[in-house]
Amino acid sequence: MTDLLVRPTSESARQRLVKGALRSREIAVFVILVALIAVATVRSPNFLVGSDGWRDLLVTPSILLLLAIGQTVVIITRNVDLSVGSTVGLTAYLVGRLFVDQPGIPIVVVALIGMLFGAALGLVNGVLVAFGRVPALVVTLGTMYIYRGVFLEWAGSDRINAGDMPSGFLRLGTEQFLTIPVLTLVALVMLVIVGYCLRSLRWGRELYAIGSDPAAARLYGLPVTRRVLGAFVICGALAGLAGVFYAARYGTVSSGAGRNLELEAVAAAVIGGVAIFGGSGTVWGAAIGAFLLVTIDRVLPILGIPDFWQRAVVGGLIIGAVALDRVLSLRRERQLRQARDDARSGS
Amino acid sequence: GGDDDGGSGGGGGSAEITLLPKNLGNPYFDASRTGAEKAAGEFDGEVTEVGPDQAAPDAQVSYINTAAQQGVGALVVSANDPTAICDALNEARDAGVKVVTFDSDTDPECRDVFVNQADAQGIAKAQVDLIAEQIGDKGKVAILSAAANATNQNAWIKLMEEEIAANHPNIELVDTVYGDDDDQKSFDETAALLSRYSDLAGIISPTTVGIAAAARYLSTSEQKGKVALTGLGTPDQMRAYIKDGTVTSFALWNPEDLGYLAAYTAEALINDDITGEEGDTFEAGELGEYTVGADGGVLLGEPFVFDETNIDDFNF
Amino acid sequence: MSTSTVGHAVDERTYAAYSRPLWWRVVMTREFAMIVLLGVVYLWATGNVASFDGPLALYYLFLDIAPILMIALPMTLIIITGEIDLSVASTMGLSSVLVGIFHADLGLSIPAAAVCALAIGTACGALNGVLVGYVGLPSLAVTIGSLALFRGIAGGLLGTEAITDYPEQWTDLAKERLFGPVEGGYSGGWLGPVTEPASYPLVLVPIVVLAVVFGVLLHATSFGRGIYEIGLNEQAAKFSGVDVARTKLLLFAIAGAVSAFAGVYYTLRFGSARGDNAEFLELQVIAAVLLGGVSIFGGRGALPGVLAGVLLIGIVSSALRLEDVSSNVINIVIGVLLVLSVISTSLLAWISGLRVARTKSDHPTKGNQR
Amino acid sequence: MAEAASGHPPILELSEVAKSFGPVLALRSGRLEVGPGSIHALVGENGAGKSTLVKVIAGVYRRDGGGFRFRGADVDFGSTGESKNAGIAVIYQEPTLFPDLSVTENIFMGRQPTRSGRRIDYPAMYAEAERIFGRLGVAIDPRRIADGLSIADQQIIEIAKAISLDATLLVMDEPTAALSSVEAERLFTIARALRDEGRAVVFISHRLEEVFGLCDTVTVMRDGAYVGTRAIAETSTDEVVSLMVGREVADLFPKAEAAIGDVVLEVDGLTAAGEFHDIGLTVRAGEIVGLAGLVGAGRSEIARAVFGVDGYDAGSVRMNGVPVPPRSPRASIRAGMALVPEDRRQQGLVIDQSVARNVSAAIRGRLTTLGLLLGRAENRVAAPWAGRLEVKTSALDMDASTMSGGNQQKVAIAKWLATEPKLLIIDEPTRGIDVGTKSEVHRLLSDLAGRGMAVLMISSELQEVLGMADRVYVVCEGRITAELGRDEATPDAVMHAATHVGGHLAGATHADEKVLA
Ligand SMILES: Nc1ncnc2c1ncn2[C@@H]1O[C@H](COP(=O)(O)OP(=O)(O)OP(=O)(O)O)[C@@H](O)[C@H]1O
Ligand SMILES: Nc1ncnc2c1ncn2[C@@H]1O[C@H](COP(=O)(O)OP(=O)(O)OP(=O)(O)O)[C@@H](O)[C@H]1O
Ligand SMILES: [Mg+2]
Ligand SMILES: [Mg+2]
């Protein structure tokens, strides 16, 4: 009567790996990305080859990369953070202010302050969501308005110009280490750290469990409130770092800084295979999604598609991605059903 | 000057002027506000700056309506859209508000006077000449503009195209991209331009945000010095790039003077010194006397060219 | 106890229809709180904000919030089913562009162009509806996608140009006042413009009609009950014969149509069709709906509250503008209002939870205990 | 008693524990004493309060009153985490898994084996999972995600979870409900092993022969109260039964003879991959047809497909000879079908909605005047139906969530009777309903049949099936394995058909015998 049970897979570890790879969303998106870059390079060689091209290819996505990582951590817990764009703007301005008001303040300190500040903003969201038991979408929509308003009110009309920030800091925006831009390196380090935590640390797995079934997580005795809070803090901290990046890369911080990045971050995660209702998806996927989104924006003009159509393409891509997910999961369900049948007829 | 009879204005008491830039937090308009406030100080008027946080016409309309309800003396506005805010402006005028446009005009029938920083022809020619001189009058050039619908930028671009076609046969205008007066977008568009056209000779950016972002990118690029960059920028933003040789020269009028003149024009309208008729003349404080030209235009002057020899003499 | 009477019309026990008196059911609701707050703010504004009670104040106020008012109606229904539509503003922009193109380039009359735009807007909504209702995709993800898609098409169609020439009669119609133009300088008693017909724009007529239609649809039809059931428990709704997929398709399609209509209005009011028209309006709409007491999880909320929410945001921003408060502070205020509103909901839920517990003890209805 | 015998102080002591959910007094005076090295059975009817007691022990619910001592110390668990740390492992009645995670992670969540740097040691974790599965004698791929596991497999994972905790007290709430005899036996072996290690085990089951085969002590509950504790050696099934039911069982099933009319429902070769195969059945007017089988057999799926909530791959459904379109509950309702589903909280009712709206939900369309639907109309139909079923509520606008399980079930039934159906499909009509309400429901059913309604009753309570049905179809793993008339339908026959194998339910003939619930 054990035939009610699912038989163990007869696959070897390698077979499993290969199969997994073929099925994995990360790989699929990555392939698209590579293809895109290839086409663009054929069309105009220095898109990839020119040292500028190479650098920009890597450095331009770094800001969205950070945001996508943070957004993923939050989405995995079945929440969302719409305030990251405003957080970027606010932190970027704070960074500029620091340099203006505290001349000679070490860059590392500024970066840390930026992250801490972002984390604090994230904490506000987290407290409201985890303790206030109010939906994240609404809360972060509200804080999105609030943070940006505070930013613009505080900044008033004096914006930060390249001249206001030490050249050492600005050089960060372009400096390269083994041809890899520093900002990209930092972002990738963050990616690896978060990716590692989500995969290999208990609290990381607990985030997945919480998003997978919050009720069960509570019944199981997981520290749901604390974990959700933590997720928002991480998201905020990464957004804060993104703000630092913004100041370093663009050299000026004006009213528009970081506007509308929030939806892009969510889109990147979704394209990267992160389920909007939590429980599944990886930061790796989200990262590739971010690279893809940014690269598309840069490639389409090269392919002769005017600026204006870019968003249309991106939108189509997002819809395609979620639709694909749905199709695949339906396929899997059917296979599982079949498996149950086979198990039964096996007796 | 209206200092003596400042009381007779529609604003009641001193001349109440509402300054409505395209959007808040834009240094160019901050400069013109400084000018306007200076002027107001002189004829003891009162300048309030209001505006949307994003350069969108519909948002601007709400502020125009508000000004109409408040019954301010005059509204000094830089239009985000030549038509979209037209009716709102006319309603304001019906409510007795004098309307002065500056920097970016609306359709002439929607305002009393347009204070023109420099006539479009002159601006277009100045920028084309600058780029031509910098690239040896031949090669591919691209334009990095502001919002796709920005009135004045689009007008200048059109004139620049004509100018190039007419007088610079060897210059090819290969592309026009839009940075939406947003640092990040302008910056990334510049990067895209350079990777798209490996043999690009120069970039014209007829907007202060655009040229600064482009300069910021070029200064860090291997193309620095190879690709010429000019356009319209503020000295404060560009000083660093003039000094490090990214940019040799760029043009602009003095936005402070522009605001100053706009404020005096408004005051003159409030006091009925002028009606906006061609030929009206008025005193604009230290800038001297100005005359209203064809369809209500007041011309500030020719664009001024900044380069390393003179850039340090300015801060705005 | 015997149920041998099943089927006979004899009722052994009779039930009160309501556990609370009417006034309680009216007053102790979030909608009522919203409306009271609205009234207070309005009176404060008319009292303390110079020229807020001028005849122009309400006129401009309504002109400004008209699109939000319109779109908030279908958005409320969608959110009550537990879904969300982020693409409304993009649909609006697209329809604005289409009106321009159909009129200017294809030479259609304004009404004809509007009808075409409406049709396409409905199709856009239907696309969302099919993906959400029938394919079963999460609406948040889908409409983030279609937000970019529709906006991209709008931008792509028009590029840099803005189509600006429309017949006077139509552009005027968008700003037409009810019962003729306002006599200059009028200002009545403390009720002020409320007694001044000319302070209401004509566009209020379709809005009121729509509001009534949606109100009836949501609160007084079988379809509306279905909407609430889907939001509260989709599975149970299916079991009771509610066609969930079809309902969602319909709602999204309607949202598309109304957004398109708002787009037409927008185009005529500003006399300008541009790719970026009404960008980011969706967040304002959603903020207003949530402020009106609709639960983002679905199943809870009512139309009067939403209308109050929209008006509240409108009055607050217009009053603060008249006080020369900067747009940034206005945004902060709106954000704070939004956060407070949700926290108050969970507070209210908590309190009413206590209330339920109390009523239970009030009426010891022996469940399984004998 | 066992504790006394073993001479050790009890590990777990519960006394006069009370817990109520709003009006529902789930536990009045729960009492339980479990000593080390003992397997202690907890039995009682549905709704007796067993699971609630378990959840109090686990810290899911905080008790309203009473004493709770664990290993001699007073405790008051605020969360399941606390009870876990204290050394209590619980298998809940309803599986609680994280569908997106692998079965291994489900087992070890929160306490995964780690290497240096607090890094999760996946190989070790998988190996450990394999070990536990081996010990349970089951073959599940440890890397497979939990989503899509059958109820039985889900139950296995829950058991693995509990075992891996190696706790001093293991509580199992109906773990064998969905298991085959073989799997059950393996579980018992493990339970005995644990006992011999000196751990305490609490075992809840409705299969008394399991209780008598495995346990050394039994505590009986009825209607949320402690009835008595006996050493297995010193008691008999008959005694336990009378303690459980506390009244003559006979009148629980007032089956009135009804005139059997023409065929109403006709199902032919109904097949849905993975759920059920080639189902053919008929129900006649005035007839109560039982659908028996183990949990997970697929009966609910069949009912859902017939009613059109789910689709099917092949086959046909006919009402009074007229084909009913698939996938459309609305059409089925119009054709005169009604389905009172298994799970009233999730499917039967919108529990956050008023009684009136729930009762009128399925017939709203008919209540409109000029397309308008007014609360008055809903109340008008709701009141009489609530009255006929003696729903206990203060007012018609009270949310169903504020009502007791039994009353919720009544509302759910009223909702469907209001459609005046020709066929009533009713899935687990008395699950989690107390004895009183239960007999009311049974009387109601036979009443309806007497009035010429065709009734298809899915039940996991063998006693209920045998007591109420004119004819019984037995479902096993998605296939109909037997059709038995009222007289052929003996417990043995049904159990045999339900499991393919007779033996393991030796002597399963007690009037109270239940397959499970
Ligand atoms: N969360 C809840 N809210 C309201 N009532 C509940 C809740 N949980 C259980 N009940 C009620 O409490 C009573 C006891 O339920 P419980 O699940 O403990 O019975 P049980 O002995 O486990 O029954 P079974 O043998 O069917 O599992 C039942 O009447 C049930 O309807
Ligand atoms: N959560 C689930 N995931 C996957 N398959 C499931 C799930 N629940 C049930 N199944 C499968 O669906 C079929 C029917 O399960 P279900 O428990 O509904 O049967 P049932 O006869 O209705 O049991 P019950 O006695 O509870 O009514 C079985 O094959 C079971 O393995
Ligand atoms: Mg139980
Ligand atoms: Mg079932």
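In what follows, chains are A, B, ... by sequence order, proteins preceding strands, each numbered from 1.
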Student: Heavy-atom cut-off 4.5 Å, strictly under: side chain, backbone, both or neither for A/Ala275 against chain D?
Tutor: neither
Student: Which residues in residues 159-167 of chain D have any heavy atom closer than 4.5 Å to a heavy atom of chain A?
Tutor: D/Lys161
Student: Quick test of your reading: applying side chain to side chain donor-acceptor pair (under 3.5 Å), list the pairs with at least one residue in residues 209-225 of chain A, sequence neighbours left out, ordered by first then second residue.
Tutor: A/Ser212-D/Asp100
Student: List the steps and the verdict of side chain to side chain contact (heavy atoms under 4.5 Å, CB included) for A/Tyr208 and D/Glu105.
Tutor: CA-CA 11 Å; A/Tyr208 280 92; D/Glu105 287 200 277; over 6 Å; no
Student: Please state whether the side chain, the backbone, both or neither of D/Arg111 comes within less than 4.5 Å of a heavy atom of chain A.
Tutor: both
Student: Below 4.5 Å, heavy atoms only, C-beta onward: do A/Arg205 and D/Met109 meet side chain to side chain?
Tutor: yes
Student: Select one option (side chain, backbone, both, neither) describing which atoms of A/Leu201 are under 4.5 Å from chain D's heavy atoms.
Tutor: both
Student: Here's one to test your reading of the geometry: is the NZ or CZ of A/Arg199 within 45 degrees of the ring axis of D/Tyr122 and under 6.0 Å from its centre?
Tutor: yes
Student: Which answer fits D/Phe133, side chain, backbone, both or neither, if we ask what part of it has an atom under 4.5 Å from a heavy atom of chain A?
Tutor: neither
Student: Check whether D/Ile145 gets within reach of chain A through its side chain, its backbone, both or neither, counting any heavy atom under 4.5 Å.
Tutor: side chain
Student: Does any backbone or side-chain atom of D/Gln112 lie under 4.5 Å from a heavy atom of chain A? Answer side chain, backbone, both or neither.
Tutor: both
Student: Select, from A/Gly221, A/Ala216, A/Ser200, the one with the greatest count of heavy-atom pairs under 4.5 Å involving chain D.
Tutor: A/Ser200
Student: With a 4.5 Å cut-off on heavy-atom pairs, point out which of D/Asp121, D/Ile120, D/Thr114, D/Asn106 contacts chain A the most.
Tutor: D/Ile120
